[in-house]
Amino acid sequence: MAERLQKILSQLGVASRRQAEQWIAQGRVTVNGRVAELGQQADLKRDRIHLDGKRLRPKHKPEACYLLLHKPVGVVSTCRDPQRRRTVIDLVNPEFRPGLHPVGRLDTDSSGLLLLCNDGELTYRISHPRFHIEKTYRVWVEGHPPESVLEHWRSGVWLEDGQTLPAGVKALHQRAESTLLEVILHEGRNRQIRRVAEYLGHPVLRLTRIAIGPLRLGSLQPGQYRSLTAAEVHRLRQLAQGT
């Protein structure tokens with residue numbers, strides 16, 4: 001059965017859908033000897049699909065792998081980095097790496113829970129804003145934002161790319177010149193928390209993601225990771241399907 005190329009690549013575990021779209025746009029994918037185009041469909045059993053000159057076959061699909069990583073500050077949330085900085089894939093054992101990619105991103109200056117897997121369909125559903133998977137953060141900000149500022153944040157803030165969705169925001173602890181907030185988001189815009197905090201006059205000092213849906217960071221230390229349990233994978237699938 002014919003399917004979109006980016007979906008085929010993601011199902012084989014060679015890339016997430018977003019990465020596959022980038023590779024197709026870069027001309028790295030061919031179908032029956034011709035450079036593929038975005039939106040093109042193919043049948044893996046009937047058509048000859050190549051990535052960087054290597055033919056892709058159903059047998060190339062690796063064993064499913066789901067890892068929960070505590071991303072340290074300074075590590076980039078990509079598979080490869082043109083600046084040769086350390087990536088999240090570099091943190092895991094080589095045996096887990098075939099087809100492995102991060103689900104969503106944490107910016108380089110942030111730390112915390114990052115899911116890595118080779119399941120392109122699950123990656124798509126968890127990462128896409130329309131599925132509204134809840135993500136929880138601990139955020140130290142400058143100063144002591146009053147309740148009026150927190151309520152503004154909760155209601156949605158207008159940024160250059162539109163208004164943010166309502167968020168859960170509450171103060172947990174104060175120090176002399178900073179405040180620890182819990183922030184719960186249902187969307188994943190680029191550097192959203194940092195941009196909102198800056199706009200509201202309380203820039204982020206430190207940001208750590210502690211949960212994605214039912215997954216919790218727990219006691220994992222920066223750079224450590226573990227495999228998800230079968231129950232955790234099942235629950236993620238349920239969330240991704242809206243059940």
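Qualifying side-chain hydrogen bond (donor to acceptor under 3.5 Å, both in side chains) partners for Arg195, counting only residues two or more places apart in sequence or in other chains: Glu160, Asp161. Listed by chain and number, the residues in a side-chain hydrogen bond (donor to acceptor under 3.5 Å, both in side chains) with Asp107 are Ser110, Arg194 (sequence neighbours excluded). Looking at residues two or more places apart in sequence or on another chain, you find a salt bridge (Lys or Arg N to Asp or Glu O under 4.0 Å) between Asp52 and Arg28. Remark: His101 engages Thr123 in a side-chain hydrogen bond (donor to acceptor under 3.5 Å, both in side chains) (not counting sequence neighbours). Shown here are the salt bridge (Lys or Arg N to Asp or Glu O under 4.0 Å) partners of Glu95, two or more places apart in sequence or in another chain: there are none. Remark: Glu21 pairs with no residue by the salt bridge (Lys or Arg N to Asp or Glu O under 4.0 Å) rule, at least two apart or across chains. With sequence neighbours excluded, the residues satisfying salt bridge (Lys or Arg N to Asp or Glu O under 4.0 Å) with Arg85 are Asp81. Qualifying side-chain hydrogen bond (donor to acceptor under 3.5 Å, both in side chains) partners for Glu134, counting only residues two or more places apart in sequence or in other chains: His186. For Arg48, the side-chain contact (heavy atoms from CB on, under 4.5 Å) criterion is met by Asn32, His50, Arg55, not counting sequence neighbours.
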Run the side-chain donor-acceptor check on residues 171-183: report pairs under 3.5 Å with partners two or more places apart or on a different chain.
unit_1	atom_1	unit_2	atom_2	d
Thr179	OG1	Gly143	O	2.7
Glu182	OE2	Arg138	NH1	2.9

Could you go through residues 38-45 and list every donor-acceptor pair under 3.5 Å that involves a side-chain atom there, pairing it with any protein atom two or more places apart or in another chain?
unit_1	atom_1	unit_2	atom_2	d
Gln40	OE1	Glu37	N	3.0
Asp43	OD1	Lys45	N	2.9
Asp43	OD2	Met1	N	3.0

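When atom types are taken as modelled, the side chain of His202 and the backbone of Glu142 share a donor-acceptor pair closer than 3.5 angstrom. Side-chain atoms of Arg209 never come within 3.5 Å of backbone atoms of Gly112 as a donor-acceptor pair (strictly under, hydrogens ignored).
Heavy-atom minimum distance, Thr87 versus Cys79: OG1-O, 3.6 Å.
Ion pair Glu232/Arg216 not flagged as a salt bridge, since none of the NZ, NE, NH1 or NH2 atoms sits closer than 4.0 Å to an Asp/Glu carboxylate oxygen.
Under the 4.5 angstrom side-chain criterion for Ile, Leu, Val, Met, Phe, Trp and Tyr, the cluster partners of Leu114 are Leu67, Leu69, Val75, Val88, Ile89, Leu91, Val92, Phe96, Leu100, Leu116, Tyr225.
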